[in-house]
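A short write-up of the structure that comes next.
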Protein chains: 2
Amino acid sequence: MREFKRRSRVLLIDDNADHLRGVKELITLESCYDVVGTTTSANIGINLAKKYRPDIILMDINMPEKDGLQAIQEIEKLGLDIRVIALSGYDDADLIFRAMKIGAKGYVLKTMASAQLIYAMDEVAAGKVYLPTALTSRFFEYFQNSFKEEAQASAEENLLTYLTAREEEVLDLLTQGNNYKSIAGKLFISETTVKTHVNNIFQKLQVNDRTQAVLYALNNGFANRRLSKIAV
Amino acid sequence: MREFKRRSRVLLIDDNADHLRGVKELITLESCYDVVGTTTSANIGINLAKKYRPDIILMDINMPEKDGLQAIQEIEKLGLDIRVIALSGYDDADLIFRAMKIGAKGYVLKTMASAQLIYAMDEVAAGKVYLPTALTSRFFEYFQNSFKEEAQASAEENLLTYLTAREEEVLDLLTQGNNYKSIAGKLFISETTVKTHVNNIFQKLQVNDRTQAVLYALNNGFANRRLSKIAV
DNA sequence: TTTGTCTTACATCTTTAGATTGATAAAAAC
DNA sequence: GTTTTTATCAATCTAAAGATGTAAGACAAA
């Protein structure tokens, strides 16, 4: 399939000029990619990205002047369908996690074999996300750890389970910042009924006011819109 | 290394009796693992897990009676150092994500080659987390998507930046469910001063009440304890 | 049939929250 | 050295929130 497509265009950003040259040579000689630009400055790199619209950017994220992660984020925000692969000297789980979180389509260590880099570029060019197996393992350790507390929290008694269906509806509207009148309007019931429900919610959740109820809900599985996608 | 250790013990849970037999035979003949039990029931499986303490559980997560994901969660909650590999017929991104989130150490498709399953078990037995490359790609699509909205949100103007240091302190206490009196006590200022601050906060965040202020804060970078770990 | 839960609703009352205006002193910015 | 911002406090007022008790109709379980 790929042989019928035009050669993918690559931009290299790395503050180490030597490494930059090495990677450029590698790509030029051993792959089917065109290097359309190289720079040692993250800021210039962002501008080159806007100008040349490469298919792929190889971004060193261990640069002293500007944070490579931030640069990736800025490029992602452009919404230009440019796929960024993070290059790093460290297999730090936190770094990997953050890079993938902000939208990097790959993460390759500088110490890895050149074939690994080319392979990553092939996968990413084909629309996939690619992480070397060893780094995937690292990533998941971190990922699962970040949910461990939450799992333990939900292992405790969750007072939310005592709520009736209607009370859950009311609580959901509370977690969206509605007041009594607004909730009454949305549920087509009277304001006094809403007050009754809310009071029952307070009793069941053992809280004193709506703010505490909302906080309890958010911290115990009642997903708000932002987090709903990654709820179990 | 592994040849010096005792053979790892495996428990199989799959509601399809045929598939269960097939996997048992496969493992017995072609791997160095001991199958210490098999069952078609998730509930019985959990009890067997408590009893036999296997090193690894292969858990079918597409069972009609009991949700396999829930079963994994219950096993994880036991805290027994049992590593669960999810077996599934579907390469659905949401399923993969949820399985990994609740602590599965691997996710293998039933349609995959038997060697792939053995390899996954080897990796997991060695303490790693293993996802086949194709599924890793799926996982990351989902993972990155779930953070897209957030990234766009933080690309907008963040009204929190307009708050003074004192106002941030007050808002922080608001996000912990404190009322005026409580905040005044903790900051050693009068209640009326707190009211002034809170009113200024409302103005700056363009909200009408404290619940909305708290929600704005939580959704725009004011980390509460649970989410702080996975912030960029 | 009775019992219990859920949902609805109202009245009453107290407390808290929120809006508005005004004021002072210190600190920071110009 | 003046202006602006920040932090502090007060009085007053209205609106909203919360507490408490009561109760009727629906519905399901016992």
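Each chain gets a letter, A, B and so on, in the order its sequence line appears, and its residues count up from 1. No experiment lies behind these values; they were computed from the predicted model shown.
Heavy-atom contacts from other residues, nucleotides or ligands closer than 6.0 Å to CD of B/E25 number 12 or fewer.
One finds no side-chain N or O of A/T193 lying less than 4.0 angstrom from the OP1 or OP2 phosphate oxygen of C/dT7. Dashed line: the shortest gap from a side-chain N or O of A/T164 to OP1 or OP2 of C/dT7 is under 4.0 Å. In this structure, A/H197 does not reach the C/dT7 phosphate: none of its side-chain N or O atoms is under 4.0 Å from OP1 or OP2. Under 4.0 angstrom from either OP1 or OP2 of C/dC10 there lies at least one side-chain N or O belonging to A/T192.
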Checking B/K105 against B/Y130 for the side chain to side chain contact (heavy atoms under 4.5 Å, CB included) test, could you report, in this order, the C-alpha distance in whole Å, the side-chain angles of both residues, the deciding distance, and whether it holds? CA-CA 6 Å; B/K105 297 298 183 296; B/Y130 179 73; over 6 Å; no

Would you check, one step at a time, whether the test side chain to side chain contact (heavy atoms under 4.5 Å, CB included) holds for B/E76 with B/I82? CA-CA 8 Å; B/E76 289 296 327; B/I82 298 173; over 6 Å; no

Can A/D172 and A/Q176 be said to form a side-chain hydrogen bond (donor to acceptor under 3.5 Å, both in side chains), step by step? CA-CA 7 Å; A/D172 185 49; A/Q176 290 169 33; 3.3 Å; yes

Let me see the working for B/Q73 and B/V84 under side chain to side chain contact (heavy atoms under 4.5 Å, CB included), right down to the final yes or no. CA-CA 10 Å; B/Q73 209 160 16; B/V84 183; over 6 Å; no

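By the salt bridge (charged side-chain N to carboxylate O under 4.0 Å, His left out) test, A/K204 is found to be paired with A/E167, residues two or more places apart in sequence or in another chain being considered. Shown here are the side-chain contact (heavy atoms from CB on, under 4.5 Å) partners of A/T192, two or more places apart in sequence or in another chain: A/S190.
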What string of B, S and - do you get for nucleotides 25-30 of chain C 5' to 3' if you count protein non-hydrogen atoms under 4.0 Å? ------

Please tabulate the protein-to-nucleotide N/O contacts below 3.5 Å involving nucleotides 18-23 of chain C, giving atom names and distances.
| unit_1 | atom_1 | unit_2 | atom_2 | d |
| --- | --- | --- | --- | --- |
| C/dG18 | OP1 | B/R210 | N | 2.9 |
| C/dG18 | OP2 | B/Y180 | OH | 3.3 |
| C/dG18 | OP2 | B/R210 | NE | 2.9 |
| C/dG18 | OP2 | B/R210 | NH2 | 3.3 |
| C/dG18 | N7 | B/K195 | NZ | 3.4 |
| C/dG18 | O6 | B/K195 | NZ | 3.1 |
| C/dA19 | OP2 | B/N199 | OD1 | 2.3 |

What N/O pairs connect the protein and nucleotides 24-30 of chain D at under 3.5 Å? Give each pair on its own line.
none

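Stacking of A/R98 on the aromatic ring of A/Y107 is not recorded, the 6.0 Å distance cut-off and the 45° axial limit not both being met.
Annotation: side chain of B/K50 is in contact with side chain of B/L78 (closest heavy-atom distance under 4.5 Å). A/V129 places a side-chain heavy atom less than 4.5 Å from the side chain of A/M100.
Both A/N178 and B/K204 sit near DNA chain D, but only B/K204 has its closest nucleotide nearer the 5' end.
Note on ring orientation: taking the six-membered ring where Trp is involved, the planes of A/F139 and A/F143 are parallel (angle under 30°, cut-offs 30° and 60°).
Taking a 4.0 Å limit (strictly below) on heavy-atom distances, residues 184-191 of chain B reaches DNA chain D at B/I189, B/S190.
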